[in-house]
Amino acid sequence: MSAPTIHPGGEPRTYEIRTYGCQMNVHDSERLAGLLEAAGYVRDEAGEPDVVVFNTCAVRENADNRLYGNLGHLRPVKDGRPGMQIAVGGCLAQKDRDAIVRRAPWVDVVFGTHNIGSLPVLLERARVQREAQVEIKESLETFPSTLPTRRESPYAAWVSISVGCNNTCTFCIVPALRGREKDRRPGEILAEVEALVAEGVLEVTLLGQNVNAYGSEFGDRQAFAKLLRACGGIEGLERVRFTSPHPRDFTDDVITAMAETPNVMPSLHMPLQSGSDRILRAMRRSYRQERFLGIIERVRAAMPDAAITTDIIVGFPGETEADFEQTLHVVREARFSGAFTFQYSKRPGTPAATMDGQVPKEVVQERYERLVALQEEISWSENKKQLGRTLEVLVAEGEGRKDDATHRLSGRAPDNRLVHFRKPDEPVRPGDMVTVEVTYAAPHHLVADGPVKAVRRTRAGDAWEARQAAPKGVSLGMPGIGRPAAPAVPVSACSADHGGC
């Protein structure tokens, strides 16, 4: 019998990972890739992977239909390729468990959110025993950041500070799938960040289901603000972001730490969900409109140039026109630079799914369109205020889908706005910094079509260049706490049913 990750001809077996959902899942997929590469697999480049892994999301109404549709398309492919394996993990796997193998018996492995480290062993066990392996743990087996990671970006990385959530929002199934909050110790987090910076990373995004609650497990209510300040002391770390906070736990010490720590960026994602106090109460969102707008006001007082984004759900059960008008009022007052807007989606197993007053689809659609139109108008107005500003932009890879046609490059400003800029005369790499002047504003991006004022080559750009020169399949998992760990780039980390916590 051949080795698990080697074909009879001696070439390594290949893998492909298909990721759905939030940044938590994106980061988990980086770990799955690191685990597979540590086990001897290589990333598929030919479109014929030996192993296909679905890292699923359970937060939208059609999540399961999407999964089973994709599995159905793969069935004839698998039938024609002996030895091919299919694995399903993530939140939908945690929720549906044995149902996946019943509905799609050609699946080889089903694993949950708490045991992603088991994937290589489960694949080998399924191969040897020639039967599906279903392994779902009810609690965290190993903190994910101790696992090998194949980071997608050599210049920006996710760093998990906690997993799980202690909130009980009535629309959200995530706590049931990700479990109670588990916090990492600050020393472990900072050691990972330092290791990432040593590899060339210059931007990290601190990631948690509710980052403001960080420290609750070890009894320090100011732990998150202290962590931000500690990141400010790491030499070579130029940009620090975080997502997602929760208005209930967002305290003034965090605002002060953001304002006083130069490498903490002036961008904030603060999920609103609804502007109606009555609906917030029904959602079990433990804040009200006045508190939310107070946070926005204090953030703007401390950081006038901060860009604030949000999440909003339209059509939650019982929402009236008056409730919806309260949401529009908050949007007008807060003047978000952008918003992730969602039509309420009923999820079995959540309290909201059985509430009275489910709002008719056509009413939700009409309100949704009004909200989007208002936010587009505000986003465009706020972006026009950037005209003429000089910004230092972190050059990104793959952010501008039309860059080839427009002969531009793209990147992120300090406040996380997307900037498309004219290619400079000198070579510039993802991870380098350019200084540009904004010449045009659209609702969702800025343009700088004048000459680039300056190019700053960085260690991050060097790391990107080194990755391009590396042989295919080489993992740049970084040496974290004892072994590889960590990740990628910024939005709302809470994979709650509607994006954001």
Treating [X] as the side-chain partner and [Y] as the backbone partner, does any N or O pair qualify as donor plus acceptor under 3.5 Å?
X    : Y    : answer
T170 : A282 : yes
S379 : S337 : yes
E217 : D183 : yes
R81  : E48  : yes
T310 : L272 : yes
R389 : V438 : no
N115 : E135 : yes
T439 : V447 : yes
D415 : P266 : no
N383 : W380 : no

Taking all non-hydrogen atoms of both residues into account, name the closest pair between [X] and [Y] and its distance.
X    : Y    : value
A93  : V88  : CB-O, 3.7 Å
C231 : L206 : SG-CD1, 4.4 Å
P247 : I295 : O-CD1, 3.5 Å
Y15  : A33  : OH-CB, 3.4 Å
P49  : G47  : CD-C, 3.5 Å
F111 : A87  : CE2-CB, 4.2 Å

Ionic contact status for [Y] with [X], cut-off 4.0 Å:
X    : Y    : result
E297 : R300 : no
D108 : K78  : yes
E321 : R370 : yes
E319 : R367 : yes

Within the 6.0 Å centroid threshold, strictly below: Y287 and F250: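 No; F250 has its ring centre 6.0 Å or more from that of Y287.
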
Any donor-acceptor pair under 3.5 Å linking the side-chain atoms of [Y] with those of [X]?
X    : Y    : answer
T256 : D253 : no
D50  : T14  : yes
R184 : S160 : no

As a test of understanding, state which of E382, H445, H444 forms a side-chain contact (heavy atoms from CB on, under 4.5 Å) with R417.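 The option that passes is E382.
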
Decide side-chain contact (heavy atoms from CB on, under 4.5 Å) for D449 and Y440; before the verdict, give the C-alpha distance in whole Å, the side-chain angles of both, and the deciding distance to 0.1 Å. CA-CA 8 Å; D449 268 340; Y440 174 79; over 6 Å; no

Y68 six-ring face occupied by R103 cation (under 6.0 Å, within 45°):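 Judged by the rule (NZ or CZ under 6.0 Å from the ring centre, within 45° of its axis), R103 counts as positioned above Y68.
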
Should the heavy atoms of other residues, nucleotides or ligands under 6.0 Å from CZ of R221 be counted, would the total exceed 12?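 Open: at most 12 neighbouring heavy atoms sit under 6.0 Å from CZ of R221.
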
Counting only heavy atoms not in E377, do more than 12 sit closer than 6.0 Å to its CD atom?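 For E377, atom CD is not crowded (no more than 12 foreign heavy atoms under 6.0 Å).
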
side-chain contact (heavy atoms from CB on, under 4.5 Å) evaluation trace for F224 with T251: CA-CA 10 Å; F224 185 59; T251 48; over 6 Å; no

Evaluation steps, side-chain contact (heavy atoms from CB on, under 4.5 Å), between Q209 and H246: CA-CA 9 Å; Q209 228 77 47; H246 191 295; over 6 Å; no

